[in-house]
Peer 1: 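There's a structure below that I have some questions on.
Basis for what follows: all heavy atoms, side chains included, without hydrogens, waters or symmetry-related copies. Numbered from 1 within each chain, the chains take letters A, B, ... in sequence-line order.
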Amino acid sequence: MDFTFTEDQLALRANVRSVFMKEVAPELLRELWETDSGRSAELWQLVTEQGLTALSVPEEYGGLGLSDIDWVLMAQEVGYYGLTEPLIDTSWVGAALIAALPESAAAFKDVWLARIAHGEAKLAIGHPLNPLVENAHVADLLLLNHGDEVHAVPRAQVTLTAHASLDASRRLFAVEWTPSEATRLASANVGRTLWADALNRSVLAVAAQLSGLVTRVLDLAIDYTAERKQFGKPIGSFQAVKHLLADVAVELEFAKPALFRAAVSLANGHSLAGLHVSHARLALADTAALAARHTMQVHGAMGYTWELDLQIFMKRIWALAAVWGDKAYHLARVADHVLAESTVLDPSQTFAA
Amino acid sequence: MDFTFTEDQLALRANVRSVFMKEVAPELLRELWETDSGRSAELWQLVTEQGLTALSVPEEYGGLGLSDIDWVLMAQEVGYYGLTEPLIDTSWVGAALIAALPESAAAFKDVWLARIAHGEAKLAIGHPLNPLVENAHVADLLLLNHGDEVHAVPRAQVTLTAHASLDASRRLFAVEWTPSEATRLASANVGRTLWADALNRSVLAVAAQLSGLVTRVLDLAIDYTAERKQFGKPIGSFQAVKHLLADVAVELEFAKPALFRAAVSLANGHSLAGLHVSHARLALADTAALAARHTMQVHGAMGYTWELDLQIFMKRIWALAAVWGDKAYHLARVADHVLAESTVLDPSQTFAA
Amino acid sequence: MELDYTDKQRAFRAEIRAWLAEHVPKQPLPSFDTEEGFQAHRDWERTLFEGRWSMVTWPQELGGRGCDLIEWLIFEEEYWRAGAPLRVNQNGVFLLGPTIMDYGSDEQRQRFLPRIASGDDVWAQGWSEPNAGSDMAAIRTKAVRDGDHYVINGQKTWSTRAVWADWLFGLFRTDPESSRHHGLSFVLVPLDTPGITVRPIRQLNGETGFAEVFFDDVRVPVENRLGDEGAGWSVAMATAGFERGLMLRSPARFQATAAALVRLYQANREQADRDPAIRNAVLDAWLRAEAYALATYRTASRLIQGGEIGAEASTNKIFWSELDLKMHDAAQAILGAHGELVASVPREGAIGSWIDGFLFAQAGPIYAGTNEIQRNIIAERLLGMPR
Amino acid sequence: MELDYTDKQRAFRAEIRAWLAEHVPKQPLPSFDTEEGFQAHRDWERTLFEGRWSMVTWPQELGGRGCDLIEWLIFEEEYWRAGAPLRVNQNGVFLLGPTIMDYGSDEQRQRFLPRIASGDDVWAQGWSEPNAGSDMAAIRTKAVRDGDHYVINGQKTWSTRAVWADWLFGLFRTDPESSRHHGLSFVLVPLDTPGITVRPIRQLNGETGFAEVFFDDVRVPVENRLGDEGAGWSVAMATAGFERGLMLRSPARFQATAAALVRLYQANREQADRDPAIRNAVLDAWLRAEAYALATYRTASRLIQGGEIGAEASTNKIFWSELDLKMHDAAQAILGAHGELVASVPREGAIGSWIDGFLFAQAGPIYAGTNEIQRNIIAERLLGMPR
């Protein structure tokens with residue numbers, strides 16, 4: 001029993017953090033809002049150079065073979081810095097799904113896992129929980145769900161209709177496509193497990209990004225309230241302002257352990273991984289909603305402006321509120337476990353596989 | 001359209017308030033906790049002398065013929081001062097039920113309404129919404145529900161078993177009794193309306209008492225936080241303490257108009273009286289729970305003591321939380337109206353009869 | 001206590017309902033934060049004025065109807081029920097107008113009120129400055145007396161409607177030696193005066209509802225001062241009282257949102273009931289909107305009998321702003337994954353889509369005095385707690 | 001990151017589970033706020049000691065088991081799961097014991113620790129004074145040096161367990177010229193010393209869990225001081241850190257309440273589901289109790305690797321105290337009209353009926369430093385906001 005990250009994991013995070021801090025600046029995110037694709041070849045090259053595209057691709061396919069536990073730290077940084085390149089869908093969720101394909105898809109795996117590892121392919125993922133597909137416009141390949149079957153469809157074979165999100169960074173598309181023998185990668189029987197894993201991994205990724213986003217808006221609010229003065233002193237010295245931010249810090253402190261447990265459960269194929277992922281998702285969605293509200297409030301009218309960076313991260317929080325399942329969906333998964341007659345509610349089960 | 005009380009109504013309240021302030025002191029309430037009956041002949045005489053027992057008895061039976069609108073002000077004072085004599089059940093709810101009995105019960109009405117007006121009778125009311133009957137041990141007559149029939153049963157004909165409430169002022173009893181021709185005052189058909197009115201009136205009375213209780217705990221907290229010093233100044237000057245009490249004041253400000261509308265609707269036989277009463281009950285129960293929590297919090301450890309009077313009124317708040325219907329019951333009544341297809345949700349209907 | 005409408009009140013309701021049914025634009029107007037939308041809303045103000053509906057509480061001789069506050073509430077109920085356009089001249093009609101009536105000279109009343117009523121002058125607010133937000137007494141922008149003029153230098157910010165408005169009212173420091181709320185004057189400034197630069201502020205939704213206003217040796221005649229020199233604070237407090245209180249947010253606005261929320265819930269009940277708490281949130285919203293209306297009728301009744309508005313203006317501000325947040329949170333919960341989409345979920349009424357309303361609601365607990373400041377006011381003035 | 005228990009940890013769990021199954025009293029003990037109950041709980045401490053379970057984290061030579069924090073968490077999980085009695089000597093075992101280990105002399109360790117372990121000495125807290133509650137540095141009770149003794153005069157209040165306890169530890173002002181947190185010393189006082197008067201404080205439920213303690217020329221040997229003279233504040237801060245932090249409220253306690261709440265809900269589901277929000281409240285309680293356990297395992301892992309406990313002690317205090325309130329609110333909502341009845345709704349485990357737990361939960365956001373103070377600490381120390 002050891003609930004801490006390894007030195008290696010923390011070193012990798014420190015490295016990525018310092019690169020993102022320099023290269024993924026709010027000004028760049030704002031510039032990308034105004035572009036057609038909203039995506040940046042330079043940023044994609046950056047994440048490739050950092051090895052992020054190869055992170056969890058198995059070593060035999062040229063990747064680093066790291067796990068969900070490493071990824072959860074990366075996804076927090078993705079959230080903190082507001083990166084919206086299709087990194088998570090490609091190199092975490094997509095790579096894991098492809099790596100888990102049966103032997104019959106060996107040739108497909110060879111080609112695509114290598115491309116992913118080398119940053120030569122971008123993926124988008126379509127699942128009935130999400131009405132639209134993010135980043136479909138820049139994906140080389142779309143992994144699509146068709147009644148639990150897994151289909152792999154090149155972008156040339158789909159028709160896309162853009163829908164604007166309140167977060168201008170998020171590029172969402174309705175996808176029209178025709179399933180066929182040629183596109184099917186896995187049958188419904190095989191696909192059911194693959195999609196269950198992809199769903200849990202995606203939910204975990206959303207939760208991790210929310211964790212990073214909460215830290216970001218807190219950091220912005222702490223800085224702002226230290227500088228902004230009213231009634232002759234920094235507004236951060238007023239008790240009401242302190243308590244608004246302390247409330248957020250408390251919630252975050254108890255959401256993060258749930259996030260990390262979920263990563264471990266998923267990495268280890270724990271039978272309750274879905275429950276643990278939903279727990280993390282629920283806790284972080286609530287924390288993030290509170291964080292957006294309270295950090296906005298302590299910013300006063302400045303928080304309502306386009307000018308301050310706060311808006312970039314608040315909007316991401318709001319936009320992610322119901323991606324990969326809303327509160328009702330995840331609460332139902334919790335209820336299915338907690339309220340089942342067969343469940344033993346005993347603290348010795350907290351980590352039980 | 002005039003949403004204010006008359007001078008007469010306010011004068012009556014001022015009078016009762018000044019009498020209660022003098023005669024219904026917290027020390028007396030504490031003394032009564034220790035007595036067998038928990039009730040006081042002196043207090044009953046006091047309310048009789050003040051004309052409260054006669055308040056809504058029709059004039060032809062020797063009463064003052066006042067309405068639910070007058071009563072709601074009185075019930076607030078009953079709450080504020082923590083009176084637990086069976087005044088409301090006897091002289092408001094009970095008197096109204098008896099006054100509404102059909103002509104066939106004329107003799108019964110003559111006798112009992114006169115007794116009520118003169119303070120010579122105490123009533124207790126039993127209804128399926130409440131598992132126990134309050135003040136049954138001191139009642140001369142119990143008005144009991146038997147499948148919508150109204151029965152009037154002298155105390156000698158019932159068997160009582162006491163159950164302790166967390167509020168030592170409340171004396172609650174399981175009542176065993178046998179319905180008979182002799183005890184029946186009204187058939188189920190007639191009784192249905194009588195009970196519906198009695199229920200609404202009792203719910204309104206609970207809401208009004210909660211309103212008074214909220215004001216009382218707020219007053220205690222304001223006094224305490226002005227006197228108690230920490231870090232060299234009154235704790236009431238700390239923003240966190242101010243905001244805890246301001247939150248309560250805001251909720252109360254918007255619960256009281258709902259209370260007063262409900263009284264008017266009930267007095268006028270408004271078709272939506274039940275909805276309006278439930279609105280008041282929900283708003284005041286929430287406000288009161290918040291008030292108990294926040295006033296306790298600003299009292300610090302002192303609030304947790306037997307010594308301070310705060311406990312008397314907090315416990316009353318907690319004890320009344322589910323009397324005459326819990327939150328679920330009243331929310332269902334609201335849902336039945338608001339979510340009905342036939343309901344017109346239009347501000348012009350706010351007061352419509 | 002009499003909670004029935006009089007026959008006269010019922011007739012008034014019927015009259016405005018009929019008029020609105022005929023005149024409210026069938027298509028929502030473009031946002032008044034665009035030039036085109038601003039013009040369209042100004043035209044709508046003129047239409048209202050022609051029907052004598054632009055400021056029903058104003059006296060007859062000014063083009064109003066001399067309505068009391070109950071009739072005003074009825075008007076607002078019908079206005080929101082009809083989904084009529086937002087009032088681009090809210091600052092003029094609800095804030096400055098009543099202030100001029102109370103504090104203006106006869107000449108000022110003649111000069112300004114008719115043009116507010118007709119929509120010829122649309123007004124911007126000039127309260128806040130970069131370092132005077134919640135702490136309004138920290139105002140520094142100077143108006144120095146030079147003969148018959150004030151010469152204004154400094155900067156205002158969060159000036160609502162200033163991008164397209166004609167005039168600005170605000171507080172300026174006329175006594176350079178003064179501090180805090182002493183030595184301020186309430187001055188009316190034409191926005192086309194030389195030396196004024198208006199820089200729009202983009203808000204969360206990308207539009208420009210307010211602006212920074214820079215003053216560089218701006219000369220304004222002394223007769224544009226409202227009230228005595230140095231007495232601006234008390235004039236402004238009266239205006240701010242209207243703002244936080246009865247006039248800024250009429251209950252009908254929130255009742256309209258609550259009703260729309262109920263309909264949204266009913267239309268998506270299967271989806272919504274997956275989270276059983278949503279039903280409670282919808283019912284709670286409806287009850288609170290109702291409570292807000294009841295409290296307003298109660299205050300209106302009290303004011304009609306000669307009472308004064310007090311700290312309940314602060315309780316109002318907290319109540320409606322938090323209600324608005326809760327209602328939009330509930331709507332977003334019902335909409336689920338569709339909630340983030342900008343264009344897809346319009347709602348009835350004038351406020352635009354749910355997500356527009358969600359963004360706008362975020363500003364509620366901040367503008368017109370943050371809710372933290374309001375809580376201080378309630379604690380100190382309503383509850384008498386120590387400063 | 002490795003979230004499986006080792007074989008050794010599993011064996012430890014099995015051992016304590018078996019021992020508890022055999023030894024936990026079948027009937028709940030009377031409240032330790034009565035004389036009879038206090039004695040019964042002291043006997044239970046002795047039973048625990050005989051089984052070497054009274055302080056598992058203490059070293060072997062003191063009768064402990066040298067357990068690390070993970071094993072301590074496992075012990076607590078099994079302890080609460082078994083519904084074993086509350087620890088009457090919590091002050092001694094969890095607060096004073098670790099403080100003596102860190103700050104005591106060898107002689108003090110020999111003298112006090114074994115008697116804490118065995119339950120021979122039950123300890124009371126002496127922090128607060130009538131005017132030093134949240135502001136603990138305002139302590140005034142004096143301990144004036146007189147040769148080999150301190151002479152104590154003054155008053156303590158909210159002294160937990162003081163009604164029946166043997167000893168009291170607390171902070172006293174040894175430098176009469178000092179102010180705030182300077183000049184205080186941490187002194188251990190036998191409660192049977194002449195000059196001490198203990199006056200029980202009745203609490204909400206009518207029982208006497210704490211007391212006022214009056215000191216009138218109470219002479220205590222200098223060797224009863226823990227740490228240096230004048231250095232009492234830092235010793236006390238270490239103790240208070242244990243209190244707010246890991247030791248005061250183990251996660252298992254709240255997991256036990258959450259599990260009981262789930263069972264209460266399941267047993268009354270038809271009644272409870274009339275208010276659809278109750279299901280959410282029950283699930284939320286379970287998730288939060290789980291989150292509290294996870295956070296504690298994480299902190300324990302960090303401490304085992306040499307980390308130190310910091311402001312998370314304050315986040316813990318807020319989290320568990322608010323969770324405890326919410327859980328009891330949910331229970332009361334399920335119980336409906338039966339909720340107010342004192343005797344009718346016992347619950348499994350050691351805490352007594354739901355209404356007892358509800359009353360006790362009210363104290364959570366207040367004792368061991370109010371949640372307002374904790375929020376200040378979090379803002380200033382964890383977030384680095386200005387004082």
Side-chain angles (χ1 to χ4, degrees), chain B residues 1-6 9 69 218-219 221-222 225-226 233-237 239 241-258 260-261 263-265 267-268 270 276 278-280 282-283 286 327 331 334-335 337-339 341 343 345-348 350-353, chain C residues 1-6 9 13 17 70 73-74 76-78 80-81 251-252 255-256 258-259 262-263 265-266 279-280 282-284 286-288 290-302 304-305 312 314-316 318-319 372 374-380 382-387:
Chain B
M1 176 66 60
D2 175 16
F3 208 153
T4 59
F5 289 95
T6 64
Q9 287 165 335
I69 304 172
L218 256 186
D219 283 353
I222 291 164
T225 57
K233 48 185 183 173
I235 61 171
S237 63
Q239 220 180 9
V241 173
K242 281 182 185 173
H243 289 196
L244 285 170
L245 300 187
D247 285 342
V248 178
V250 171
E251 291 298 310
L252 183 60
E253 195 73 18
F254 290 89
K256 282 200 288 193
F260 300 147
R261 175 181 66 168
V264 173
S265 295
N268 295 342
H270 195 302
H276 294 169
S278 284
H279 178 176
L282 287 164
D286 283 350
K327 181 176 177 183
L331 212 48
V334 173
H337 172 74
V338 174
L339 302 180
E341 288 298 331
T343 301
L345 295 174
D346 181 327
S348 65
T350 307
F351 303 101
Chain C
M1 193 163 296
E2 172 55 62
L3 299 186
D4 271 342
Y5 294 106
T6 61
Q9 288 163 341
R13 185 189 292 281
R17 186 176 287 198
I70 300 294
L73 286 170
I74 293 169
E76 286 282 310
E77 286 171 359
E78 293 303 317
W80 285 95
R81 180 183 177 280
Q255 289 177 294
V262 171
R263 286 190 291 270
Y265 171 71
Q266 284 167 326
R279 187 205 70 150
N280 282 18
V282 170
L283 295 175
D284 189 57
W286 187 80
L287 289 174
R288 283 182 169 259
E290 189 94 343
Y292 186 53
L294 296 172
T296 311
Y297 271 93
R298 195 166 165 239
T299 303
S301 297
R302 208 167 49 68
I304 287 170
Q305 299 196 358
E312 67 263 41
S314 292
T315 64
N316 277 4
I318 291 173
F319 197 80
E372 284 70 37
Q374 306 305 337
R375 287 193 169 86
N376 288 351
I377 294 173
I378 292 165
E380 290 161 15
L382 192 69
L383 305 183
M385 295 176 75
R387 272 171 189 275

Peer 1: Find the distance between OG1 (Thr350(B)) and CD (Gln255(C)) and round it off to the nearest 0.5 Å.
Peer 2: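 So the OG1 of Thr350(B) and the CD of Gln255(C) are separated by 4.5 Å.
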
Peer 1: Which distance, rounded to the nearest 0.5 Å, do you find between the CZ of Arg17(C) and the CG of Asp346(B)?
Peer 2: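 The distance works out to 5.0 Å.
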
Peer 1: Test side-chain contact (heavy atoms from CB on, under 4.5 Å) on Arg375(C) and Val250(B) and set out the steps.
Peer 2: CA-CA 9 Å; Arg375(C) 287 193 169 86; Val250(B) 171; 5.8 Å; no

Peer 1: Before accepting this row, confirm whether a basic side-chain N of the pair Arg288(C)/Asp286(B) lies closer than 4.0 Å to the acidic partner's carboxylate O.
Peer 2: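 Asp286(B) and Arg288(C): not salt-bridged.
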
Peer 1: Yes or no on side-chain contact (heavy atoms from CB on, under 4.5 Å) for Leu339(B) and Leu283(C), after CA distance, side-chain angles and deciding distance?
Peer 2: CA-CA 9 Å; Leu339(B) 302 180; Leu283(C) 295 175; 4.1 Å; yes

Peer 1: Pick from Val241(B), Leu245(B), Leu282(B): which one has the most heavy-atom pairs with chain C under 4.5 Å?
Peer 2: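 Heavy-atom pairs under 4.5 Å are most numerous for Leu245(B).
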
Peer 1: Could you tell me the separation between the CZ atom of Arg261(B) and the CD atom of Glu290(C), rounded to the nearest 0.5 Å?
Peer 2: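 That separation rounds to 4.0 Å.
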
Peer 1: Main chain of Pro386(C), side chain of Lys242(B): is a donor-acceptor contact present, judged purely on distance under 3.5 Å?
Peer 2: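 Yes, the answer is positive, given that a donor and an acceptor are paired below the 3.5 Å cut-off.
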
Peer 1: Under a 4.5 Å heavy-atom cut-off, does chain B meet the side chain of Leu287(C), its backbone, both or neither?
Peer 2: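 Leu287(C) touches chain B through backbone and side-chain heavy atoms alike.
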
Peer 1: For Val338(B), is it the side chain, the backbone, both, or neither that has a heavy atom closer than 4.5 Å to a heavy atom of chain C?
Peer 2: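 For Val338(B), backbone and side chain are both near chain C.
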
Peer 1: Out of Lys233(B), Gln9(B), Glu251(B), which one racks up the most heavy-atom pairs below 4.5 Å with chain C?
Peer 2: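 Among the listed options, the one with the most contacts to chain C is Glu251(B).
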
Peer 1: Select, from Asp219(B), Asn268(B), Asp247(B), Ile69(B), the one with the greatest count of heavy-atom pairs under 4.5 Å involving chain C.
Peer 2: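 Ranked by heavy-atom pairs under 4.5 Å with chain C, first place is Asp247(B).
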
Peer 1: Ring centres of Phe319(C) and Phe254(B) under 6.0 Å apart?
Peer 2: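 Aromatic pair counts; centres sit under 6.0 Å.
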
Peer 1: What's the spacing between Lys327(B) NZ and Asn280(C) CG if we round to 0.5 Å?
Peer 2: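 Going from the NZ atom of Lys327(B) to the CG atom of Asn280(C) covers 5.5 Å.
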
Peer 1: Keeping Gln239(B) on the side-chain end and Asn376(C) on the backbone end, is there a donor-acceptor pair under 3.5 Å?
Peer 2: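 Not a single qualifying donor-acceptor pair exists.
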
Peer 1: Heavy-atom distance under 4.5 Å to chain B: side chain of Leu3(C), backbone, both or neither?
Peer 2: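 For Leu3(C), backbone and side chain are both near chain B.
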
Peer 1: For Gln305(C), which atoms come within 4.5 Å of any heavy atom of chain B: side chain, backbone, both, or neither?
Peer 2: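 The answer is the side chain of Gln305(C).
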
Peer 1: Nearest 0.5 angstrom please: Met385(C) CE to Ile222(B) CD1, how far?
Peer 2: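 Spacing of CE (Met385(C)) from CD1 (Ile222(B)) equals 6.5 Å.
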
Peer 1: If we define contacts as heavy-atom pairs under 4.5 Å, which of Ala267(B), Pro234(B), Pro257(B) has the most with chain C?
Peer 2: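 The residue among Ala267(B), Pro234(B), Pro257(B) with the greatest pair count is Pro257(B).
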
Peer 1: Counting heavy-atom pairs closer than 4.5 Å to chain B, which one of Ile378(C), Leu383(C), Val282(C) comes out on top?
Peer 2: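 Ranked by heavy-atom pairs under 4.5 Å with chain B, first place is Leu383(C).
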
Peer 1: Between Glu372(C), Glu2(C), Met1(C), Arg302(C), which residue shows the highest count of heavy-atom pairs closer than 4.5 Å to chain B?
Peer 2: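 Counting heavy-atom pairs under 4.5 Å, the top option is Met1(C).
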
Peer 1: Quick one: CZ on Arg298(C) to CZ on Phe260(B), what's the gap to the nearest 0.5 Å?
Peer 2: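 These two atoms lie 5.0 Å from each other.
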
Peer 1: Taking Glu380(C), Arg387(C), Glu77(C) one by one, which has the highest count of heavy-atom pairs under 4.5 Å against chain B?
Peer 2: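 The answer is Glu77(C).
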
Peer 1: Taking all atoms of both residues into account, what is the closest heavy-atom pair of Ser301(C) and Phe3(B), and its distance?
Peer 2: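 For Ser301(C) versus Phe3(B), the nearest heavy atoms are OG-N, 2.9 Å.
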
